[in-house]
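Everything numeric here is computed off the predicted structure, so don't read it as measured data. Numbering of residues begins at 1 and proceeds along the displayed sequence.
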Amino acid sequence: MPSGYDTGNTAWMMASTAMVLLMTPGLAFFYGGMVQTKHVLVMLKMSFACLSLVTILWVAVGYSLAFGKDSGGGLIGNLDHAFFQGIGMDSLHGSIPTVIFACFQMSFAIITVALISGSIAGRATMKGWLVFVVAWTLLVYVPTAHWVFAPDGWIQNSLGALDYAGGLPVELSSGASGLAVAIVLRKRKDFERETIRPHNLPLVIIGLALLWFGWFGFNAGSALQVEGSAPTTFFNTQLAAAGAMVGWPIIEKWRLGHVEMLGVASAAVAGMVAITPACGEVSPLGALIIGFTAGVVCCFAVNMKFKIGVDDTLDVVGVHGWGGIVGVLAIGFFATAAMSGKKGLFYGGGLDQLWRQAVGVLAVGSFAFVMTWLIAQVINKAVGFRTSEEYENVPGREEEVAYDNETLDQIRDRMGDAGGASPAARDATERQDAALLAEIVSVLDRRERDK
């Protein structure tokens, strides 16, 4: 093995990479349980499409552009490592094989674009989504990853903003992009009238469990080693989730008079989103405070979509966008010299780190929003991104249409089938058919409103 190779660090990074890759199927379940039944398969397909397309893009040019030598101004890398040219079995990134580092970073790219699907759940065409995944990964994620993660990226090298595990290129960029694409695809017709309720809450919790498990690899794996900040980073991830699961329910109880399990699940995600950029920069106490703050802020933020009229269907903006902002800015308050070498406002560092964090938020948020809006507009006009109606191209729609077209005479005939039965059986059959008739009328009425 080459000099400097560390077997323990390599084993940890292989495990962390597998954990983060598992987060995308977890996200598919999380989103799949939150939408209506007829949209479940589409949400699963949208996430799994990212696993395939982004992997191929990353090997072809994504890794080289994100982590290759800077080609000018700290904005983008070069193509020296396109299709992994110059990267062999003995190539190392620090003490781990370069291929493992590249795969670990690839897992970030995959889940970031998959997150955006939650903003447009139920109203995006699959062909439009596939084009979007390719365009957004290359034009938004790859540049921002270079800015933040590459040693010669301008946010890390020139600005000096801190982001340990991806609060800017992953969380904030997915939230800002979710806002942009939700605006382009327009809101559902019943957006203000009907709140989407999760059709399968246990599926949501299963998805949350997979995300939670993977997040330890996401954050602690970003240390790229088992020593140093990795153990504290691991612990901070758990603390932030716990803090948010206290803050969010307090606000929900105050606003609604009760606490919902979906809110608790969203709170856990919000806490881990917020600690992602700060996990290796703050103390455990700071992590707990950041998680609690994120829970409070995100609970309020998810309801802003109704006030501004933007249909962020599964609250990507409210949780990932605002959670990312909380986490990145919190570094300017809670960064400790013991962890990062830099001090935040509460540790005697003044405003120096805080303004750097704020500039990073404005730069990445603005870039992601504008670029995503342009990408979505072009795709919508070129291949079609918005479905013609909410239920178009949804698996099971054919059966629903056939059901809609069943005639009332057929229902009446079925009611007559119980004529020779006992009075009790006949009453049960008539009640069942009456309920069936009411459901058909409801479906036909909905179809009429959707025209």
Side-chain angles (χ1 to χ4, degrees), residues 66-67 70 74-75 94 104-105 108 112 141 143-176 215 218-225 227-237 239-240 271-291 293-294 297 320-368:
F67 292 95
D70 186 72
L75 298 177
F104 179 69
Q105 292 296 336
F108 280 44
T112 303
Y141 182 80
T144 54
H146 183 77
W147 299 355
V148 176
F149 293 144
D152 47 11
W154 78 269
I155 286 183
Q156 180 178 159
N157 185 43
S158 302
L159 178 62
L162 299 175
D163 185 350
Y164 192 85
L168 291 171
V170 177
E171 308 299 353
L172 178 57
S173 69
S174 63
W215 229 303
F218 196 103
N219 287 350
S222 294
L224 304 182
Q225 59 183 3
E227 301 92 355
S229 60
T232 302
T233 297
F234 194 102
F235 188 39
N236 283 349
T237 302
L239 287 171
M272 289 183 284
V273 164
I275 201 59
T276 292
C279 57
E281 317 293 351
V282 304
S283 67
L285 176 60
L288 192 61
I289 296 172
I290 290 171
T293 304
V297 171
H320 293 273
W322 281 98
I325 291 173
V326 169
V328 174
L329 293 181
I331 295 172
F333 293 97
F334 294 100
T336 67
M339 291 291 288
S340 67
K342 296 183 180 181
K343 297 179 180 180
L345 178 64
F346 296 157
Y347 288 83
L351 298 176
D352 181 67
Q353 194 59 46
L354 182 59
W355 77 260
R356 299 176 191 274
Q357 301 301 122
V359 171
V361 167
L362 291 173
V364 173
S366 301
F367 175 79

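In terms of the side-chain contact (heavy atoms from CB on, under 4.5 Å) criterion, residue partners of Ala278 (sequence neighbours excluded) are, by chain and number, Ile275, Val282, Ile290, Ile331. Asp152 meets the side chain to side chain donor-acceptor pair (under 3.5 Å) test with no other residue; sequence neighbours excluded. In this structure Val361 satisfies the side-chain contact (heavy atoms from CB on, under 4.5 Å) test together with Leu168, Leu172, Ile325, Val328, Leu329, sequence neighbours excluded. Not a single ring-ring contact (aromatic ring centres under 6.0 Å, His included) links Phe149 to another residue, sequence neighbours left out. With sequence neighbours excluded, no residue satisfies side chain to side chain donor-acceptor pair (under 3.5 Å) with Thr112. Contacts of Ser229 classified as side-chain contact (heavy atoms from CB on, under 4.5 Å), with partners at least two apart in sequence or in another chain: Tyr164, Ala223, Thr233, Met339. The side chain to side chain donor-acceptor pair (under 3.5 Å) check on Tyr141 picks up nothing, with sequence neighbours excluded. Among residues two or more places apart in sequence or in another chain, the ring-ring contact (aromatic ring centres under 6.0 Å, His included) test is passed with Trp147 by Trp154, Phe367. With sequence neighbours excluded, the residues satisfying side-chain contact (heavy atoms from CB on, under 4.5 Å) with Leu354 are Phe333, Leu351.
When side chains are defined from C-beta on, Leu162 counts as touching Glu281, because their heavy atoms get closer than 4.5 Å. In this structure the side chain of Asn219 reaches within 4.5 angstrom of the side chain of Thr276, judged on heavy atoms. Looking only at side-chain heavy atoms (C-beta outward), Ser222 and Phe108 come within less than 4.5 Å of each other.
The minimum heavy-atom distance between Ala66 and Ala150, with the atom names listed, is O-CB, 3.6 Å. The two residues Gly221 and Phe104 have their closest heavy-atom pair at C-CZ, 3.5 Å. The nearest pair of heavy atoms linking Pro151 to Asn157 is O-CB, 3.3 Å. Nearest heavy atom pair, residue Val273 against residue Gly323, reads CG1-C, 3.6 Å. Across Gly365 and Ala176, no two heavy atoms sit closer than the pair O-CB, 3.6 Å. Considering every non-hydrogen atom in both Asp163 and Gly166, the closest pair reads OD1-N, 2.9 Å.
In terms of modelled atom types and a separation under 3.5 Å, the side chain of Gln156 and the main chain of Val148 share a donor-acceptor contact. Checking side-chain atoms of Ser174 against main-chain N and O of Glu171 turns up a donor-acceptor pair under 3.5 Å.
Under the 6.0 Å cut-off for aromatic ring centres, Phe334 and Phe346 qualify, their centroids lying closer than that.
Every pair passing salt bridge (Lys or Arg N to Asp or Glu O under 4.0 Å) that includes a residue from residues 336-358 is listed here, sequence neighbours excluded: Asp352-Arg356.
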